[in-house]
Engineer: 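Let me begin by handing over the structure; questions about it come next.
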Amino acid sequence: QVQLVESGGGLAQPGGSLRLSCVYSTRTSDRYALGWFRQAPGKERNFVGAITVSGLHTYYSDAVRGRFTISRDDARNSVYLEMNNLRPEDTAVYFCAATVPWYSGPDYYTERPYRYWGQGTQVTVSS
């Protein structure tokens, strides 16, 4: 069982930056790949980025590649999403998710391997 809690959402201007954090808690020594998804009003939830169990590899959607960076700090049981050059179309609820234990891919881009989800944090990009 893994619990995830996101924070760091809010209002940003176009071209601005925000950093989302997600703290995960687990009672076992298992490790998990971690991902971020987002859901805009009236739309499906979509993949944003993911980081492997080792932290050595990251994956991004085309919509955010080059602007967003995902990282993890397992000493703090945390995963981060650094969002730069924000656009109005980035407005959404952002969800942190953890895969089944020791997931090694290759399907990081869909919801299929993600078993645990946070409640989400709202990001609004507007002038």
Side-chain angles (χ1 to χ4, degrees):
Q1 188 75 13
V2 180
Q3 293 182 321
L4 304 109
V5 179
E6 305 95 336
S7 62
L11 176 65
Q13 292 190 335
S17 299
L18 282 174
R19 188 191 195 211
L20 304 184
S21 299
C22 174
V23 177
Y24 58 90
S25 60
T26 177
R27 297 182 178 179
T28 74
S29 59
D30 290 334
R31 290 178 57 118
Y32 306 82
L34 299 163
W36 288 94
F37 288 74
R38 67 185 182 185
Q39 187 169 22
K43 296 189 176 180
E44 294 183 347
R45 189 160 58 187
N46 291 321
F47 172 78
V48 175
I51 188 165
T52 57
V53 169
S54 67
L56 293 177
H57 302 284
T58 55
Y59 304 89
Y60 298 96
S61 68
D62 290 343
V64 308
R65 188 176 292 111
R67 300 187 297 122
F68 291 12
T69 302
I70 188 170
S71 61
R72 65 188 294 163
D73 183 347
D74 292 314
R76 290 181 166 82
N77 280 11
S78 294
V79 59
Y80 306 101
L81 186 67
E82 185 76 34
M83 304 185 295
N84 297 315
N85 193 18
L86 284 163
R87 304 168 180 169
E89 53 264 38
D90 294 320
T91 295
V93 177
Y94 283 71
F95 297 89
C96 173
T99 63
V100 297
W102 304 105
Y103 184 72
S104 59
D107 186 11
Y108 292 99
Y109 297 87
T110 76
E111 295 191 12
R112 201 167 13 242
Y114 297 91
R115 177 178 291 176
Y116 307 101
W117 293 83
Q119 293 300 306
T121 185
Q122 176 71 47
V123 170
T124 302
V125 183
S126 174
S127 56

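Note that the structure is a prediction, hence the values are computed from the model and not measured.
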Engineer: Taking all non-hydrogen atoms of both residues into account, name the closest pair between Lys43 and Gln39 and its distance.
Structural biologist: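 For Lys43 and Gln39, the tightest heavy-atom pair comes out as O-NE2, 3.0 Å.
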Engineer: Short question: side chain of Glu82, backbone of Thr69 - any donor-acceptor pair under 3.5 Å?
Structural biologist: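 Such a contact is absent between Glu82 side chain and Thr69 backbone.
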Engineer: Please determine whether residues Val64 and Val93 belong to a single hydrophobic cluster, defined as Ile, Leu, Val, Met, Phe, Trp and Tyr linked transitively by side-chain heavy-atom distances below 4.5 Å.
Structural biologist: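 As far as the 4.5 Å side-chain criterion goes, Val93 and Val64 are not connected within one cluster.
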Engineer: Taking atom CD of Gln122 as the centre, report whether more than 12 heavy atoms of other residues, nucleotides or ligands fall under 6.0 Å from it.
Structural biologist: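 Yes, enclosed.
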Engineer: Say you draw a straight line from CZ of Arg67 to CG of Leu86; how long is it, rounded to the nearest 0.5 Å?
Structural biologist: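 Going from CZ on Arg67 over to CG on Leu86, the span is 6.5 Å.
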Engineer: If you compare all heavy atoms of Tyr94 against all heavy atoms of Leu81, which two are closest, and at what distance to 0.1 Å?
Structural biologist: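 For Tyr94 versus Leu81, the nearest heavy atoms are CD2-CD2, 4.1 Å.
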Engineer: Rounded to the nearest 0.5 Å, what separates atom CG in Asp107 from atom CZ in Arg112?
Structural biologist: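 So the gap between those two atoms works out to 4.5 Å.
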Engineer: What residues form a ring pair (Phe, Tyr, Trp, His ring centres under 6.0 Å) with Phe95, not counting sequence neighbours?
Structural biologist: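 Once residues adjacent in sequence are excluded, Phe95 has no partner under the ring pair (Phe, Tyr, Trp, His ring centres under 6.0 Å) criterion.
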Engineer: Can you list the residues that meet the ring pair (Phe, Tyr, Trp, His ring centres under 6.0 Å) rule with Tyr60, with sequence neighbours excluded?
Structural biologist: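 Here no residue qualifies.
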Engineer: Could you tell me the separation between the OG1 atom of Thr110 and the CZ atom of Phe37, rounded to the nearest 0.5 Å?
Structural biologist: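 Spacing of OG1 (Thr110) from CZ (Phe37) equals 6.5 Å.
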Engineer: What I'd like to find out is whether the side chain of Pro101 reaches to under 4.5 Å of the side chain of Arg115, using heavy atoms alone.
Structural biologist: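 In contact.
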Engineer: What closest approach, in Å, do Val2 and Ala98 show between heavy atoms, and which atom pair accounts for it?
Structural biologist: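 Closest pair (atom of Val2, atom of Ala98, distance): CG1-CB, 4.3 Å.
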Engineer: With distance as the sole test, does Glu6 use its side chain to make a donor-acceptor pair with the main-chain N or O of Gln119 at under 3.5 Å?
Structural biologist: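 Yes: the side chain of Glu6 pairs with the backbone of Gln119.
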Engineer: Would you find more than 12 non-hydrogen atoms of other residues, nucleotides or ligands less than 6.0 Å from Arg76 atom CZ?
Structural biologist: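 At most 12 heavy atoms, drawn from other residues, nucleotides or ligands, come within 6.0 Å of this atom.
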Engineer: Testing the basics here: between Ile70 and Leu34, what is the closest heavy-atom pair and its distance to 0.1 Å?
Structural biologist: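 Scanning both residues completely, I find the closest heavy atoms to be CD1-O, 4.0 Å.
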Engineer: Could I get the full list of ring pair (Phe, Tyr, Trp, His ring centres under 6.0 Å) partners for Tyr59, not counting sequence neighbours?
Structural biologist: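 Expected list: Tyr108, Tyr109.
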Engineer: For atom CD of Glu44, is the number of surrounding heavy atoms from other residues, nucleotides or ligands below 6.0 Å larger than 12?
Structural biologist: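 Not buried by this count: 12 neighbours or fewer within 6.0 Å.
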Engineer: Show the numbers, then the answer: is there a side-chain contact (heavy atoms from CB on, under 4.5 Å) between Trp36 and Cys96?
Structural biologist: CA-CA 5 Å; Trp36 288 94; Cys96 173; 4.0 Å; yes
Engineer: Work out which heavy atom in Arg45 is nearest to a heavy atom in Glu111; give both atom names and the distance.
Structural biologist: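 Residues Arg45 and Glu111, closest heavy atoms: NE-OE2, 3.0 Å.
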Engineer: Distance alone, cut at 3.5 Å: any donor-acceptor contact between the side chains of Tyr32 and Asp74?
Structural biologist: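 Checked: Tyr32/Asp74 side chains show no N/O donor-acceptor pair below 3.5 Å.
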Engineer: Of the non-hydrogen atoms in Thr121 and Leu20, which two are nearest, and what is the gap between them?
Structural biologist: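 Minimum heavy-atom contact is CG2-CD2, 4.0 Å.
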Engineer: Grouping I, L, V, M, F, W and Y whenever their side-chain heavy atoms are under 4.5 Å apart, do Ile51 and Val53 come out in a common cluster?
Structural biologist: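 Hydrophobic grouping puts Ile51 apart from Val53.
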Engineer: Look at the side-chain heavy atoms of Ile, Leu, Val, Met, Phe, Trp and Tyr, link any pair under 4.5 Å apart, and say whether Val23 and Trp117 land in one connected group.
Structural biologist: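 Different clusters: Val23 never reaches Trp117 through Ile, Leu, Val, Met, Phe, Trp or Tyr contacts under 4.5 Å.
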Engineer: If only atom types and distance count, is the side chain of Thr99 paired as donor or acceptor with the main-chain N or O of Ala33 below 3.5 Å?
Structural biologist: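 Judged by distance alone, yes, a pair lies under 3.5 Å.
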Engineer: Atom CZ in Arg72, atom OG1 in Thr52: separation rounded to 0.5 Å?
Structural biologist: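 That separation rounds to 7.0 Å.
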Engineer: Please round to the nearest 0.5 Å and tell me the distance separating atom CG of Asp73 and atom OH of Tyr80.
Structural biologist: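 Answer rounded to 0.5 Å: 5.0 Å.
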Engineer: Determine whether Phe47 and Val100 fall in the same hydrophobic cluster, where Ile, Leu, Val, Met, Phe, Trp and Tyr are linked whenever their side-chain heavy atoms lie under 4.5 Å apart.
Structural biologist: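 Linked, Phe47 and Val100 end up in one cluster.
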Engineer: Treating Ile, Leu, Val, Met, Phe, Trp and Tyr as nodes and any side-chain heavy-atom pair under 4.5 angstrom as an edge, say whether Tyr24 and Tyr114 lie in one connected cluster.
Structural biologist: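 No, because Tyr24 and Tyr114 fall into different hydrophobic clusters, even though each may have its own neighbours under 4.5 Å.
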Engineer: Can a donor-acceptor pair be found, under 3.5 Å and without considering hydrogens, that links the side chain of Asn84 to the backbone of Ser17?
Structural biologist: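 Here the side-chain-to-backbone pair does not exist.
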Engineer: Look at Asp90 together with Arg87 and state whether they make a salt bridge at an N to O cut-off of under 4.0 Å.
Structural biologist: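 Answer for the salt bridge query: no.
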Engineer: Between Thr124 and Ser126, do the side chains contain a donor N or O and an acceptor N or O under 3.5 Å apart?
Structural biologist: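 The answer is no; no qualifying pair exists.
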